[in-house]
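Here's the structure we're looking at; comments come further down.
Ligands are counted one by one from 1 in listed order, and the atoms in each one are counted from 1 as well. We count residues from 1, following the sequence as given. Note that the structure is predicted; figures quoted are calculated from it, not measured.
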Amino acid sequence: MATRLRPSSKRCAVIGGSGFLGRHLVEQLIARGYSVSVFDIRQSYELPGVTFHLGDLCDKQALLSALQGVSLVFHCASPAPSSDDRALFQKVNMDGTCTVLQACREAGVQKLVLTSSASVVFEGRDIKDGKEDLPYAKKPIDYYTETKIQQEKLVLAACDKEKGFLTVAIRPHGIFGPRDPQLVPTLVDAARKGKMKFIIGDGSNLVDFTFVENVVHGHILAAERLRPESPLCGQAYHITNDEPVHFWDFMSQVLVGLGYDAPRYHLPYWLVYGLALLLWLLALLLRPILQLQPTFTPMRVALAGTHHYYNCSRAKEDMGYKPLVGLQEAITRTVESYPHLRQGG
Ligand SMILES: NC(=O)C1=CN([C@@H]2O[C@H](COP(=O)(O)OP(=O)(O)OC[C@H]3O[C@@H](n4cnc5c(N)ncnc54)[C@H](O)[C@@H]3O)[C@@H](O)[C@H]2O)C=CC1
Ligand SMILES: CC(C)=CCC[C@@H](C)[C@H]1CC[C@H]2C3=C(CC[C@]12C)[C@@]1(C)CCC(=O)C[C@@H]1CC3
């Protein structure tokens, strides 16, 4: 019979630790004296104190060997939202999360912190100051959101004080910062193709964009405050910068900071949404013969043209959360971190 290592409270694993958020989380955990095992399908860096375990989270045996002696697990792995691959999302976010839960229980893990998403309540309509008690989206706008909802439900339902296995979900929104492979690169790519001249809607919609270091701070606070007697058990928490901003002002600041023109001309929201939907259907029909990746997906158009900002007072009250980096400093640091994406760079 395999021997089980005694879990140590400063030994943790980060599933998805090679990704954007995962790597920032790993760096901060190391700085705080944790020893970290990264479990991911790829290795994207090396860092003293970090052990890499390459594997797919759908493979329980591979997970079990990475979770030996680990008391705390962060699960922040997911296929990229842009992949739009239903089967992959179901396999990784739903079946894979069941496997993660099973492996955690078998390995004697005591705490699991899931990176969920504030989008689990977003249906493409305005959300202003949304609290955690909003119902899950009944008609999720894409497969990513659909499976993030199921994933969060699975993890929160697995919280079991009697069995000594505690879970909590963090719901960040619009994560950005150095090394983000999604928001700034997509924006710059669209600008370089001349697609960022238009503002979708009247431009007055307020949105949360959250600096990656604040998201990391929320995760670590949640892990450290998650105890049998704490209110965190089995709960979800919004983590934002607590400074909603006009979507198009944020985009313009990043674009201008990198030397591109800010979008200027307005287009009606429903017109662009309708076109994006048509394009998405066309891409779906042509998929067997042609791989189309439209920039303006229905989800992106909805995010660009509606209000979606969230209240994070539950995290403030229950875990003492407060953003560490303000939005202006965060934008400056992010823009400076992408010299290669500058106009002409
Ligand atoms: N980027 C954002 O704005 C937001 C992200 N989130 C959530 O945050 C988490 C992290 O996202 P990012 O760091 O932005 O994404 P990312 O794509 O940079 O990182 C995800 C990591 O998961 C790994 N991964 C994917 N499938 C795997 C599998 N089957 N087995 C093992 N590892 C696998 C990838 O290799 C990658 O390193 C995700 O759960 C995402 O849903 C939530 C809200 C907003
Ligand atoms: C309109 C347009 C093409 C803008 C370019 C930027 C977008 C790529 C980002 C703007 C808001 C971002 C966002 C996400 C991905 C990147 C954006 C669409 C998420 C969908 C990532 C995963 C989540 O859980 C929610 C995020 C909401 C905001």
What orientation do Phe247 and Phe209 show, parallel under 30°, tilted 30 to 60°, or perpendicular over 60°?
-> tilted

Ring-face cation of Arg179 near Phe20 (centre distance under 6.0 Å, axis angle within 45°) | no

of all protein heavy atoms, closest to atom 1 (N) of ligand 1 is Gln182 NE2, 3.4 Å

Ignoring angles and geometry beyond distance, decide whether Phe39 reaches within less than 3.5 Å of ligand 1 through its nitrogen or oxygen atoms.
-> no

Going by the order shown, which atoms of ligand 2 are within less than 4.0 Å of some heavy atom of Arg300?
-> 8 (C), 18 (C)

Contact atoms of ligand 1, heavy-atom distance to Lys148 under 4.0 Å = 38 (C), 39 (O), 40 (C), 41 (O)

What's the shortest heavy-atom distance between Leu303 and Phe122, and which atoms?
-> CD2-CE2, 3.8 Å

Consider every N or O of Phe20 and every N or O of ligand 1, then say whether any pair is closer than 3.5 Å.
-> yes

If we number the atoms of ligand 1 from 1 as shown, the ones under 4.0 Å from a heavy atom of Val92 are 29 (N)

In plain terms, say whether Asp84 and Arg287 are close enough for a salt bridge, that is, a side-chain N and a carboxylate O under 4.0 Å apart.
-> yes

Using a strict cut-off of 4.0 Å, indicate which atoms of ligand 1 neighbour a heavy atom of Arg42.
-> 34 (C), 35 (O), 36 (C), 37 (O)

Would you check the N or O atoms of Ser117, main chain and side chain alike, for any that come under 3.5 Å of an N or O of ligand 2?
-> yes

Under 3.5 Å, N or O to N or O, is Leu21 touching ligand 1 that way?
-> yes

For ligand 2, is Ala190 a contact, meaning one of its heavy atoms is under 4.0 Å away?
-> no

Counting from 1, what ligand 2 atoms have a heavy atom of Met251 closer than 4.0 Å?
-> 10 (C)

May I ask you to check if Lys316 and Tyr321 form a cation-pi contact, with NZ or CZ under 6.0 angstrom from the six-membered ring centre and within 45° of the axis?
-> no

Does Lys148 come within less than 4.0 angstrom of ligand 2, counting non-hydrogen atoms of the residue?
-> no

Ligand-side contact atoms (ligand 2) for residue partner Ser119, heavy atom cut-off under 4.0 Å = 25 (C)

Do the charged groups of Glu224 and Arg32 touch, with an N to O distance under 4.0 Å?
-> yes

Gly19 heavy atoms within 4.0 Å reach ligand 1 at atoms 18 (O), 19 (O), 36 (C), 37 (O)

Which ligand 1 atoms does Ser117 reach within 4.0 Å, using its non-hydrogen atoms?
-> 42 (C), 43 (C)

Atoms of ligand 1 less than 4.0 Å from Gly55 heavy atoms?
-> 30 (N), 31 (C)

Is the cationic atom of Arg264 (NZ for Lys, CZ for Arg) positioned less than 6.0 Å from the six-membered ring centroid of Phe198 and within 45 degrees of its normal?
-> no

Ligand-side contact atoms (ligand 1) for residue partner Asp56, heavy atom cut-off under 4.0 Å = 28 (C), 29 (N), 30 (N)

Which ligand 1 atoms are under 4.0 Å away from a heavy-atom of Tyr144?
-> 6 (N), 7 (C), 40 (C), 41 (O), 42 (C)

Parallel, tilted or perpendicular for His340 and Tyr338, by the 30°/60° rule?
-> tilted

Per-atom filter on ligand 2: closer than 4.0 angstrom to a heavy atom of Gln182 are 15 (C), 21 (C)

Considering only non-hydrogen protein atoms, determine which one is nearest to atom 1 (C) of ligand 2 and report residue, atom name and distance to 0.1 Å.
-> Phe296 CE2, 3.6 Å

Does ligand 1 have an atom under 4.0 Å from some heavy atom of Gly17?
-> no

contact_flag Phe176 ligand 1 heavy-atom lt 4.0 Å = no

Show which atoms of ligand 2 fall inside a sub-4.0 Å distance from at least one heavy-atom site of His173.
-> 27 (C)

Report yes if the distance between the aromatic ring centroids of Phe74 and Tyr34 is under 6.0 Å, otherwise no.
-> no

Return yes when Cys76 approaches ligand 1 closer than 4.0 angstrom through a heavy atom, no otherwise.
-> yes

Using a strict 4.0 Å cut-off to heavy atoms of Leu303, name the atoms of ligand 2 that fall inside it.
-> 13 (C), 18 (C), 20 (C), 27 (C), 28 (C)

Taking the minimum heavy-atom distance to atom 22 (C) of ligand 2, which of Phe198, Phe209, Tyr144 ranks first?
-> Tyr144

Ligand 1 contact by Pro172, heavy-atom criterion under 4.0 angstrom | yes

